[in-house]
Amino acid sequence: MSLLSYIIRRLLLMVLVLIGVSLLVFTVMMLLPPGQRVAAYVTNDRVSPAQMDAMIAKYGLNDPAPVQYFRWVRNLLHGEFGYSITASSPVIDGFVRFFPVTLGLVLFSAPLIILVGIFLGTLGAVRKDTPTDHFTRVFAIVGYSLPTFWLGLLLMMIFYGFAGIFPPGTVSNDVRNIIYGEGYHQYTHLLVLDGILNWRWQVVGDALYRMVLPTLNLVVINSALIMRLMRSSMLESLGQDYMMTARAKGADRKTLFRRHARRNAMLPVITVSGLTFAGLMGGMVITETIFDRKGIGWWMAQAALQLDVAAIMFNVLFLGTIYVVINLIVDLIYAYVDPRVRLS
């Protein structure tokens, strides 16, 4: 099977999975009574029981489930996701406001998480049973075991509480005045990228400065699993027969590690890295709350506390879509790296 045929097959399968995700989300939503589901269409706090009944009838929340499902899907395709009480705006407007905060942090931290995990995992495997290996293993165990909230609070206490550096939030008040002032265009709503496009380096510097602590928190916690997996995969690859054959043929140490062992060891790491990236994209509830970054994770937490049905359902559907898309990308990378995958 060619790579193109494999891609087409995976794309068709992705459509079926997305339909399954929508059915699952809708089924969970139908567990709520109409009186709670109608909250997705209420734009103010003062609604009388008569008005509530009228809205239930207007939006057909007592109709048969199949009728409601197809109506819901039609609304989704038209970008109608309801009204979010936590965002005080339509859901799609809340998403446009909160998602860039999460995306900016993910784009900054995810590459570091993957690179640190691969580098330290490879280093530990290459220098097995040395002090370097022991250090990387302890670092991985500690990082994997630490609660996210505990490490985040500890970082805040040390760096911001005692040293007075790396404050929480996304930007300072001065930079916020620049962003919402005249002459500044928010092309993407990503602080760093928009700062570059506007040639406002104060915005870029301040946004990056305030991402240091949340990024450090995410790297320590999330790189541990990649590190452990990379080390074990590298040790397994180094013990294979083809490595012994390559040594017998006179291959140098650099070629053995880089061209043979590490490439094969990367296959399981690709899967874990993809899932890590998807999890970060879905929102980092604890990290965003501790470091006062109002992103998707923070929004989901607020929506859950206030039973914001529209926001919860949208975020669940968004998270499911992210995982499906990331899994597709991981499968395509697998097929490119290892041709045996698309032939199976």
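Looking at every heavy atom in both residues, Leu146 comes nearest to Ile221 through O-CD1, 3.4 Å. Listed here is the closest heavy atom pair of Ala125 and Met234: CB-CB, 3.4 Å. Closest heavy-atom contact between Val220 and Ser223: O-OG, 4.0 Å. Ala311 and Ala303 get closest at one heavy-atom pair: CB-CB, 3.8 Å. Nearest approach of Ile290 to Thr148, heavy atoms of both residues: CD1-O, 4.4 Å.
The aromatic rings of Phe81 and Phe314 sit perpendicular, their planes meeting at an angle over 60°, well past the 30° parallel limit. Between Phe95 and Phe99, the ring planes lie parallel to each other; the angle is under 30°, not in the 30° to 60° tilted range.
When the options Ser84, Ser89, Ser88 are evaluated for a side chain to side chain donor-acceptor pair (under 3.5 Å) with Thr86, the one that passes is Ser84.
Side-chain contact check for Val21 versus Tyr323: every heavy-atom pair is 4.5 Å or farther apart. Considering only heavy atoms from C-beta on, Leu328 stays 4.5 Å or farther from Val324 through its side chain. Side-chain contact check for Lys128 versus Arg231: some heavy-atom pair is nearer than 4.5 Å. Contact of the Val175 side chain with the Gln202 side chain is registered, since non-hydrogen atoms from C-beta on lie closer than 4.5 Å.
Of the possible polar contacts, one joining the Arg71 side chain to the Gly60 backbone as a donor-acceptor pair under 3.5 Å is found. Panel note: side chain Asp308, backbone Ala304; no donor-acceptor pair is recorded below 3.5 Å. Checking side-chain atoms of Thr287 against main-chain N and O of Met284 turns up no donor-acceptor pair under 3.5 Å. The backbone N or O of Ala310 sits nowhere less than 3.5 Å from a side-chain atom of Tyr83 that would complete a donor-acceptor pair.
By the 4.5 Å side-chain criterion applied to Ile, Leu, Val, Met, Phe, Trp and Tyr, Leu24 is assigned to no cluster and stands alone.
Tyr69 and Ser22 share a donor-acceptor pair across their side chains, judged by distance under 3.5 Å alone. At a cut-off of 3.5 Å, with distance as the only test, no side-chain donor of Thr276 or Asn222 sits close to an acceptor on the other residue.
Distance check, rounded to the nearest 0.5 Å: CG of Leu23 to CG of Leu18 gives 11.0 Å.
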_Check against side-chain contact (heavy atoms from CB on, under 4.5 Å), Val330 and Ile326_ = CA-CA 6 Å; Val330 168; Ile326 293 298; 4.3 Å; yes

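For Trp201, the side-chain contact (heavy atoms from CB on, under 4.5 Å) partners two or more places apart in sequence, or in a different chain, are Ile196, Trp199, Val204.
In this structure, Asp174 does not pair ionically with Arg176, as no charged nitrogen and carboxylate oxygen lie closer than 4.0 Å. In summary, Arg200 and Asp194 do not engage in a salt bridge, as defined by a charged side-chain N under 4.0 Å from a carboxylate O. The pair Arg97-Asp93 does not count as a salt bridge, with every side-chain nitrogen at least 4.0 angstrom from each carboxylate oxygen.
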